[in-house]
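The structure appears below as structure tokens.
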Amino acid sequence: VRMKRTGVRICGLLMLTLVRSAALASAQDAAGGPPPLRWSVEGAAGVQLAYTGTIQSIAFGFAPTRSLTLLISAERSRTEDKIEYYSDGYASERGGLVEFVSGELRYAFFANKRVSPYAVVGVGGGVERPNVNELFPYGVDRNMVAIYYGAGARIPIHRRFDTFVDWRLIVMGDDAAEMAVLGPLRAGLAFRF
């Protein structure tokens with residue numbers, strides 16, 4: 001419950017920032033010139049590098065400047081169980097499904113160049129659902145929080161479309177005081193309007 005409240009507060013704060021930034025941006029646009037495309041919808045998919053698994057995400061963003069983008073993102077990550085057999089036994093690591101919503105800040109270093117590298121940082125919360133099978137017969141859904149950072153590159157392919165690729169280190173903690181680390185590599189497409 002406490003983690004859900006924290007996630008709601010973070011998303012609420014990000015939405016307030018987006019609304020206030022929109023008013024500032026529209027005042028700057030009144031000075032003349034073609035209006036920039038400040039809003040975006042993004043979709044991405046990728047693979048987990050340290051585990052067998054996938055990740056999908058969708059995000060809604062606002063860019064108050066060419067270099068800075070604020071996003072609200074919904075993500076879904078699935079990892080498979082990792083089992084290693086030995087002559088005297090086995091070692092196993094449980095996989096599962098993680099779904100979370102996050103607020104994300106992305107800063108592009110060379111926004112006017114053809115390829116624009118960027119840094120990303122974000123925080124969010126959601127639900128973790130562990131795999132249930134013969135090795136792990138019981139599973140309990142847990143609330144979790146996620147903090148992540150990473151880097152990527154954005155390449156414009158049209159005035160309204162960008163493609164991007166990034167890698168992030170996602171550190172997660174759940175309400176049972178267990179932690180996990182994911183490192184997904186993903187690619188996606190952004191539609192700006």
Side-chain angles (χ1 to χ4, degrees), residues 7 10-79 98-126 146-172 181-193:
I10 290 168
C11 289
L13 229 118
L14 185 61
M15 286 302 292
L16 180 63
T17 304
L18 289 174
V19 169
R20 291 185 56 83
S21 298
L24 178 63
S26 63
Q28 290 172 349
D29 287 342
L37 302 170
R38 297 196 185 276
W39 301 95
S40 65
V41 176
E42 300 182 359
V47 296
Q48 301 291 346
L49 295 182
Y51 300 94
T52 302
T54 59
I55 190 165
Q56 303 86 34
S57 64
I58 188 163
F60 181 72
F62 175 73
T65 70
R66 289 181 152 232
S67 295
L68 186 67
T69 305
L70 305 166
L71 297 115
I72 294 178
S73 177
E75 302 198 31
R76 179 182 184 163
S77 171
R78 177 173 293 283
T79 55
V98 175
E99 297 173 323
F100 65 95
V101 175
S102 64
E104 183 175 305
L105 180 64
R106 198 180 286 171
Y107 183 80
F109 294 101
F110 307 110
N112 295 326
K113 301 293 183 188
R114 180 72 181 147
V115 176
S116 177
Y118 63 82
V120 61
V121 62
V123 62
I147 299 171
Y148 60 89
Y149 63 91
R154 183 182 67 201
I155 303 166
I157 54 176
H158 184 269
R159 182 171 183 261
R160 293 189 179 273
F161 289 101
D162 291 343
T163 185
F164 63 92
V165 61
D166 63 21
W167 175 85
R168 296 170 302 150
L169 181 71
I170 304 173
V171 179
M172 299 179 301
V181 177
L182 299 175
L185 177 67
R186 62 184 189 146
L189 186 66
F191 173 71
R192 294 178 289 134
F193 57 96

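Along the sequence shown, residues are numbered consecutively beginning with 1. In this text the structure is predicted, and so the values were computed from the model without any measurement.
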| Can you find a heavy atom in the side chain of T69 that is under 4.5 Å from one in the side chain of Y118? |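 A side-chain contact under 4.5 Å is absent here.
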
Nearest heavy atoms of [X] and [Y], plus distance in Å:
| X | Y | result |
| --- | --- | --- |
| F60 | V41 | CD1-CG2, 4.0 Å |
| Y51 | V181 | CE1-O, 3.5 Å |
| L182 | T79 | CD2-CG2, 3.9 Å |
| R186 | S57 | NH1-OG, 2.6 Å |
| L68 | Y107 | CD1-CD1, 4.4 Å |
| T163 | G188 | OG1-O, 3.1 Å |

How many angstroms lie between [atom1] in [X] and [atom2] in [Y], if you round to the nearest 0.5 Å?
| X | Y | atom1 | atom2 | result |
| --- | --- | --- | --- | --- |
| S73 | R106 | OG | CZ | 8.5 Å |
| I58 | E75 | CD1 | CD | 11.5 Å |
| L189 | F164 | CG | CZ | 8.0 Å |
| I155 | D162 | CD1 | CG | 9.5 Å |
| E104 | L70 | CD | CG | 10.0 Å |

| task | Before giving the answer on ring pair (Phe, Tyr, Trp, His ring centres under 6.0 Å), spell out for F191 and F161 the whole-Å C-alpha distance, their side-chain angles and the decisive distance to 0.1 Å. | result | CA-CA 5 Å; F191 173 71; F161 289 101; 5.3 Å; yes

| Expected output: side-chain R192 to main-chain W39 donor-acceptor under 3.5 Å | no

| request: Say whether, by atom type as modelled, one donor and one acceptor occur between the side chain of R78 and the main chain of T54 under 3.5 angstrom. | output: no

| request: Answer yes or no: are there more than 12 heavy-atom neighbours, outside I147 itself, under 6.0 Å from its atom CD1? | output: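 No, the 6.0 Å shell around CD1 holds no more than 12 heavy atoms from other groups.
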
| said: Counting only heavy atoms not in Y149 (residues, nucleotides, ligands), do more than 12 fall under 6.0 Å from its OH? | reply: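 Incorrect, the count does not exceed 12.
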
| Side-chain donor-acceptor contact under 3.5 Å, S102 with Y148 |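 Looking only at side-chain atoms, Y148 and S102 do form a donor-acceptor pair, the distance falling under 3.5 Å.
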
| query | salt bridge (charged side-chain N to carboxylate O under 4.0 Å, His left out) between R154 and E42: does it pass, once the steps are laid out? | reply | CA-CA 12 Å; R154 183 182 67 201; E42 300 182 359; over 6 Å; no

